[in-house]
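Inspection log for the structure reproduced underneath, given as structure tokens.
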Amino acid sequence: MYAALGDVAAARAAFACLPERDVVAWTALVGAYADAGELGEAFELFETMQESGVRPDVISWNTLVSGFARNGDLRAALHLFDEMRLRGVKPGVNSWNCIISGCVQNARYDEALSIFCEMCESESPDAVTVASILPACTGLMALGIGKQLHSYVIRCGIKLNVYIGSSLIGMYSECGEFGYARSVFAAIEEKNATVWNELIRSYINEERMNEAWEAFRLMKENGLQPDTITYNSFIAAYARAGQKEQAYTLLSNMVEIGLKPNVVSMNALISGLHHHGRHADALEAFRYMQVSSDGEAKGWALPGNSIQPNGTTITSVLSLLTDLRLDRLGKEVHCYAFRSGLISNIFVSSKLVDLYGKTGDVGTADKVFRRISNKNVVTWNSILASYRQNRKPEIALKLFHEMIKSNLLPNLVTLQIALLSSGMTMALQHGRELHGYIRKNWPDGYPTALASALIDMYGKCGKIEDARLVFECTDEKDIATWNAIMSAYLLHRIPGEVKKLFKYIEQSGIQPDPVTFIILLSACKQEGSMEEARRYFYSMEDVYGIQPTLKHYTCMVDIMGTAGLLEESLELIQKMQLEPDGCLWSILLKACKLHSNLEIGEKAAKALFELEPNNTSNYMSLSNIYADNGLWESTEALRVAMTEQGLNVERQCSRLYLGTDVHTFEAGDSSHPAFEKILSTWNDLSDRMEQSGYPPQDIEPYSNAEADPLSCQHTERIALCYGLISVRVHDPIRISKNFRMCMECHSSIKFISRDMNREIFVSDGCTYHHFQNGACSCGDMW
DNA sequence: ATAGGGTTAG
């Protein structure tokens, strides 16, 4: 009795008074401790029972197994289940039910199903088994197995009770089989609130709100009171639809009829509104339940109620703060997660890695990542994406290999990030290895999303033919596939092919997306065909119903500005319905420089620095403009202004790819073992350039270690020299650097490509240069 | 003495 009441101490006292302790008494005590979550104690009692000569029977084992499983230690539960069989105790149907429901409760649906199959070899599943395994089918969207279980229930004459019935409705409704869901509902003789809730949810899932409310009314008519879960389902529906007022009305309705909104109600509000893009409203909902640092409730809208955030809350909120780039509040939530222990929730910790990665603090992202003990694929994907987004793709690739070594299987997202990272670093060999891996794991054709990522990778690695091959071999092309091949041609400066591909798109009736037009407009820019760009730009809305975004306007300003139509560009900016951003102004600024239009140029610069006072790259581009015009004093003034504002400029560095090895050359760093050789190689080249009549190269590659961070520090020359020494003669040299190349480097590499007869690729964050025979694919425009 | 359903999340 005490065990059932959850009073462990009383149960223990009662147990101590027993004159005789049989297996039933011992097991009851073990169960009491297991229920209380005191697993260590439960296990010790189990041992003590055996030491005192009482042999555990099958129910004792079941008690222990389910105790561990329910308290989240599935590993131990599985181990005990094996141990039981090793000790010659044959598991009964109940034992199988214990371990299966344990797996399901821990969301290990695949494991649950395989144990279920094992069970079917020796036992017949009963009503409890079916009710336990059905949620696994729902979780895996395994409609086929679910249907088989349904027919098993009918065939064996198992009564369609509320447990099996509600699980079946849930399964069918989750799999989109609403008709089946309704007929199961009709077949349940004694319906309870759960069954009605499932029916309502099936209507909500089908977006039939009128029927959902009709069911709500009928539920009451049949004498069943809607409960918190009923209301939460409606709240979630309205929040997802962005209907904040309706959702809040339901909250107060709940309170009026004496129901307490719980943490799920609030989570539904937060995540629903967030998904609908109502970020401010979602944040407001969280503030209602926010807890201050001393643990006191700051103010929950409904008096007398304070709802503690749980793992789901924190996950949703972190996701929201990431989208809003509110890293300061994110840190507060991080502290809260730490204090409350929610940090051990894998959803929470993965989201934290995401947050820090997306807000540019990859160092903290890495620290959080390292401390996660139960890393899964999503955790790894988060850290890989963080490094990639923070322009450290070579670390992303290194971690990818670490992940493989730790025996975790990469998923589609992992492979996408790895391919993107390979493309970014031009790590062709990595990319090829990934391609091999993908072919091996999807022998009958891989998902289209991976095809697009492969096309992107080959394009960025300079292998346009391979990109084309993957494109041609992809049967089910979606718009992303087309965009990928088009942007590969764009990268290789073959705008004619981009437009040709778009013609196919038009002819085959595929709907282009906003990205398609960015690529198209950029192709027009490469060709300098302004009229065509205009036509595409206006056809977006008129023909395809796509609203131009800021990026499209930026392309247009770029093209028109380059063509010298500065007044018209400014007009376009002023006429558009969108707020111009820094990027748009900086493009206009560049065009103004090109045509020496100081008047509009100053307007653009003023707007730019107002918008992004802390963006170092803006100063970079302005500095480049000054430098190109020989305005050294202005460059210096800019550098002083930046120092005064405490801005740090990212160190310049170039990377050279040798197979899967990456050599990094940072500005001012002469620690490379081949330093002397690099220097002498450069001196030789310098001499040869001078003899050939190239303009004198007055910049020593290592001389300006502490120099102005805004001027090019020519790290690509160092990388190139090392490449000339170490890359096999007929292999291309691949370099990527984090800043735009300067004019001098560009012309000297052109020279070297002819003089040394080498193929050289340089990606400089602005564009992609392919040097061959003294020419560059960028046509000297970048 | 053991086992069964529903709302929120990447």
Side-chain angles (χ1 to χ4, degrees), chain A residues 3-4 11 22-32 34-35 56-67 69-70 91-102 104-105 107 125-135 138 161-171 173-174 188 192-202 204 227-237 239-240 261-272 274-275 309-320 322 345-351 353-354 376-379 381-382 411 413:
Chain A
D22 61 358
V23 65
V24 175
W26 275 105
T27 307
L29 193 61
V30 169
D35 283 347
D57 65 5
V58 67
I59 295 177
S60 320
W61 284 100
N62 294 350
T63 306
L64 210 55
V65 166
S66 77
R70 270 180 294 135
V93 175
N94 287 348
S95 316
W96 291 100
N97 292 347
C98 284
I99 193 67
I100 289 171
S101 75
V104 171
Q105 278 165 19
D126 65 4
V128 176
T129 322
V130 175
S132 307
I133 197 72
L134 271 171
T138 311
N161 62 19
V162 289
Y163 297 107
I164 296 174
S166 59
S167 298
L168 275 174
I169 300 173
M171 192 271 297
S173 129
E174 216 51 50
I188 303 169
N192 66 0
T194 306
V195 172
W196 279 97
N197 284 343
E198 283 299 341
L199 178 76
I200 289 170
R201 243 163 48 81
S202 82
I204 289 175
D227 59 13
T228 311
I229 290 172
T230 325
Y231 276 92
N232 284 348
S233 301
F234 280 108
I235 290 170
R240 274 193 296 263
N262 60 12
V263 68
V264 179
S265 324
M266 297 313 289
N267 294 345
L269 260 179
I270 296 167
S271 70
H274 176 206
H275 277 299
N310 66 6
T312 307
T313 323
I314 300 303
T315 307
S316 308
V317 167
L318 285 172
S319 170
L320 176 66
T322 305
N345 178 317
I346 190 75
F347 282 75
V348 169
S349 48
S350 299
K351 267 281 154 214
V353 174
D354 252 10
N376 65 15
V377 194
V378 179
T379 327
N381 290 350
S382 299
N411 65 12
V413 177

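Letters go in sequence order (proteins before strands), and every chain restarts at 1. Computed from a predicted model, the values in this text were never measured in an experiment.
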side-chain N/O Gln105(A) vs dA3(B) OP1/OP2, d < 4.0 Å
no
If the cut-off is 4.0 Å, is Arg70(A) near the phosphate of dA3(B), judged by side-chain N/O to OP1 or OP2?
yes
Verify whether one side chain among Asn232(A) and Asn262(A) offers a donor that lies under 3.5 Å from an acceptor in the other.
yes
Decide whether Ser60(A) and Thr27(A) meet the rule of one side-chain donor and one side-chain acceptor closer than 3.5 Å.
yes
Rounded to whole Å, the CD1-P distance (Ile169(A) to dT7(B)) equals 13 Å
Can you tell me how far P of dA9(B) sits from CD1 of Ile314(A), to the nearest Å?
15 Å
Check whether any side-chain nitrogen or oxygen of Ser271(A) sits under 4.0 Å from OP1 or OP2 of dA9(B), and answer yes or no.
yes
Under 3.5 Å, is there any donor-acceptor pair linking the side chain of Asp227(A) to the base of dG6(B)?
yes
dT2(B), dA9(B), dT7(B): which one has an atom nearest the side-chain heavy atoms of Ile59(A)?
dT2(B)
Would you say dG10(B) has OP1 or OP2 under 4.0 Å from some side-chain N or O of His275(A)?
yes
Using a 4.0 Å heavy-atom cut-off, does Ser66(A) contact any base of the nucleic acid, only the sugar-phosphate backbone, or nothing at all?
sugar-phosphate
Classify Asp354(A) by what it touches in the nucleic acid, base, sugar-phosphate, or nothing, heavy-atom distance under 4.0 Å.
nothing
Starting at atom CD1 of Ile188(A), determine the distance to atom P of dG6(B), rounded to an integer number of angstrom.
14 Å
Donor-acceptor pair under 3.5 Å: do we get one between Ser166(A)'s side chain and the base of dG5(B)?
yes
From CG of Asn62(A) across to P of dT2(B) the rounded distance in Å is 10 Å
dG6(B) base / Asn232(A) side chain donor-acceptor hit below 3.5 Å:
no
Please check if any side-chain donor atom of Asn310(A) sits under 3.5 Å from a side-chain acceptor atom of Asn345(A), or the reverse.
no
Distance only, no hydrogens: is a donor on one side chain within 3.5 Å (strictly under) of an acceptor on the other, for Thr129(A) and Asn97(A)?
yes
Does Ser132(A) reach a base, just sugar-phosphate, or nothing at all? Heavy atoms under 4.0 Å.
sugar-phosphate
With the criterion set at under 5.5 Å between ring centres and under 30 degrees between planes, would dA9(B) be stacked on Phe347(A)?
yes
